[in-house]
Amino acid sequence: MQVNHRKYIASIVSLAALLTVAGCHKKKAVPPPPPPPTAAAPAPTAEITVNPTSINAGDSAVLTWKTTNATDISIEGVGQVASSGTMNVKPTESTNYHLIARGDGGSADATARLTVNAPQQQSNLNEQNMDDTLFHQNVHDIFYDYDSYEIRPDAQPTIQQDAAFLNQHPNIKVVIGGYCDERGSTEYNLTLGENRANAAKQALVNAGVSPDRLRTVSYGKEKQFCTDHTEQCWQQNRRAQFNIDR
Amino acid sequence: MNSGRRQSFFSLRCFLFFVAILTFSDLCAQSQDWVRTGTNLGAAKIRLAVANFKPTTTDPETGELKNAFDTTLFNDLSNAGIFDMVSKSMAPPLMPGSPQEINLAQWSAAPSNADMVAFGAIGVNSGKVTVLGYLFDAKNQQSPQILGKQYSDNANVNNVRNIAHRFADEIITRLGGIAGICETKIYYVSTRSGNKEIWVMDYDGENAHQLTHLGTIALSPRVSPDNSRVAFSGLGKNGWSIKMYSLLLNRLVSFPSPGGTTVSPAWSSDGSKLALSTSITGDPEIYTMSGDGTGLHRVTAFHGPDVSPVWNPKTNAQIAWVSGRTGLPQIYIMDADGANVQRMTDGGYATSPAWSPNGQFLAFAWNRKYGPGAPGGQDIYIMDIASRRWTQLTHDSGRCDFPSWSPDSRHIVFQREDGGHSEIWTMLADGTEQHQLSHGGGSNSMPNWSWK
């Protein structure tokens, strides 16, 4: 028995060694050049959506996908699927549905994320350790006009939702970061970012959140969310960001 | 320049066409001329020759030290902006090491045509370098000597460069009437280590080294007038506060923080006070405090950003700063107690004021056609405070910001950003002789010229 056991281990070790050597050898080998793209075959496309994008544990959501020019279609975790279709899913935790479509013209992929909210009681119990993801699902950043720190009308509903969540979770403290786009001067942007963070703070206070729970930090143009030199990108960078203050 | 153009167009209506043309060209000539910093910039330049110094020892180190000395001395005198330098290729072939060896007639004759000659000798003996430096008036054969100096220090390149700076400053002081700036330093922000930290380099861009190791973000270094401390803005867990680095202890020293976003410190020229921007009230305002951080005193009360204060270094009775109370940032000045607020810029996006040491000018960054989609460039301007006439110093070459004056008011150092990468440049206060100072990697920004 003892001897057998040893033999067993020895064979596993040698097998592992063989595999390792083989593996190493494989890596050394020059990979074959990628096949030249065939101009004739059109590139596949892939689209996947999930509705709703956020559910409570125990609920289900509908996954919808569509592909073109693909012969081999699969969704990770689900397996082979038809070129298009719908499906009910009921995951117990947040899941990324990754659709891969392969065809003669190459491959395409798309991802849909379904967020599963933990049961309400649980989040109340764990307020001190609240998950950042959960926080950001409920407390959204707000955005500003160029060279302005006024809360825009389109940010008011966001502020109301943010305040409602914060009022439901009175033990969370929040740090508000004020951000500016890359244009303009460093020192001036630090104060503009401070004005933005303070405007967001004041809006939350007006919506019933205690000022003792809110802290502001300006990042001016020192940290950017998006680095392209486009208005779309600049808009992303002109914001007040809310984070749990730990 | 503005009003000048308007006048000339007015005269165009009233006078004959050719008269108007004459008037206009005359005004243009004046607008080029009015920038007089009172520092001999633009005056007739003295033609100065600098001989290569004669090696007096055969120590193997001598060659390297002599090269460093010759290069530094020539660049220093050339950078000064008040000399017409004789090219070294025009110097007489002999290397004079002492007053006995110089033939002044050769130097004052063509092709060098020198008014003045700097020359001397350099030697290394048992680890010590000794430099003898002379300045002779080539047009005064009877008693030509203006300066005779001897320097000695441990033999290394940095010390030799320092000796060259000291000798150059003696020459500039004697011939230019104002103390030279060759021994001054430039404090700045560099990302060379990975984070934005405070660095320092010699005024000529050499000898760069890192001061702070905050590991977060350090901005806006401002050295105290006595060169003992550097105040700057540092990001910590609780946001921005004024940090203080001691140049005597070579470490951070504690400094009280009022809370809120506290940035952009500025020393008064006597070192007794700091002006800064802080948002204790929730809105950034200009405050002053003592140099030790006590006695915080609020100066402004305007809605919106108020930042980047600087004192009038001549009087310490006025402060220039940037306010966004009407929208885009503009430059304002006021008395140090907050009275007599005057707006200086008439539009665009104006930031980063720097008050000239002689009190006469503001240098600042201005984008006169600022706005989303507008093609304007951000350039360095200077404005004569009394007349509010301004002139543009940089043109069409990246986004320029953070001008800082040299103590002699003859030079301005600034940051120039091109494609997200920024470097430190210097120029004469009339916008000429622009050249890059910072080298060696990272992004280099926010220069601050030491007071002496």
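In what follows, chains carry the letters A, B, and so on, assigned in the order in which the sequence lines appear, proteins first and then strands, with residues in each chain numbered from 1.
- In terms of heavy-atom pairs under 4.5 Å with chain A, the best-connected choice from B:S308, B:A365, B:G239, B:S277 is B:S308.
- Heavy-atom distances place no part of A:Q202 under 4.5 Å from chain B, backbone and side chain included.
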Could you please spell out the steps behind the side chain to side chain contact (heavy atoms under 4.5 Å, CB included) verdict for B:L214 and B:F232? CA-CA 11 Å; B:L214 221 57; B:F232 63 100; 4.0 Å; yes
Show your working on side chain to side chain contact (heavy atoms under 4.5 Å, CB included) between B:R229 and B:W267 and close with a plain yes or no. CA-CA 10 Å; B:R229 289 183 289 173; B:W267 294 96; 3.5 Å; yes
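- The pair A:R246-A:D132 meets the salt-bridge criterion, since a charged nitrogen lies less than 4.0 angstrom from a carboxylate oxygen.
- Contact annotation for A:Y149: only side-chain heavy atoms (C-beta onward) come within less than 4.5 Å of a heavy atom of chain B.
- Counting heavy-atom pairs under 4.5 Å between each of B:G324, B:S352, B:S233 and chain A puts B:G324 at the top.
- Between chain B and the options A:L190, A:T216, A:T227, A:L192, the largest number of non-hydrogen pairs under 4.5 Å is found for A:L190.
- In this structure, the separation between OG1 on B:T300 and CZ on B:R325 is 9.0 Å, given to the nearest 0.5 Å.
- Between atom CG of residue B:D401 and atom CG of residue B:D379 there is a gap of 10.5 Å, rounded to the nearest 0.5 Å.
- Ranked by non-hydrogen atom pairs under 4.5 Å with chain B, the options A:V217, A:T186, A:V175 are led by A:T186.
- Both the backbone and the side chain of B:K237 come within contact range of chain A, each with at least one heavy atom under 4.5 Å from a heavy atom of that chain.
- With a 4.5 Å cut-off on non-hydrogen atoms, B:T351 touches chain A through its side chain but not through its backbone.
- Using a 4.5 Å cut-off between heavy atoms, B:D306 touches chain A through its backbone atoms (N, CA, C, O) alone.
- Taking the charged nitrogens against the carboxylate oxygens, A:K201 and A:E194 have no contact shorter than 4.0 Å, which rules out a salt bridge.
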With side chain to side chain contact (heavy atoms under 4.5 Å, CB included) as the test, would you mind laying out the steps for B:M334 and B:V299 before giving the verdict? CA-CA 9 Å; B:M334 63 182 165; B:V299 186; 3.5 Å; yes
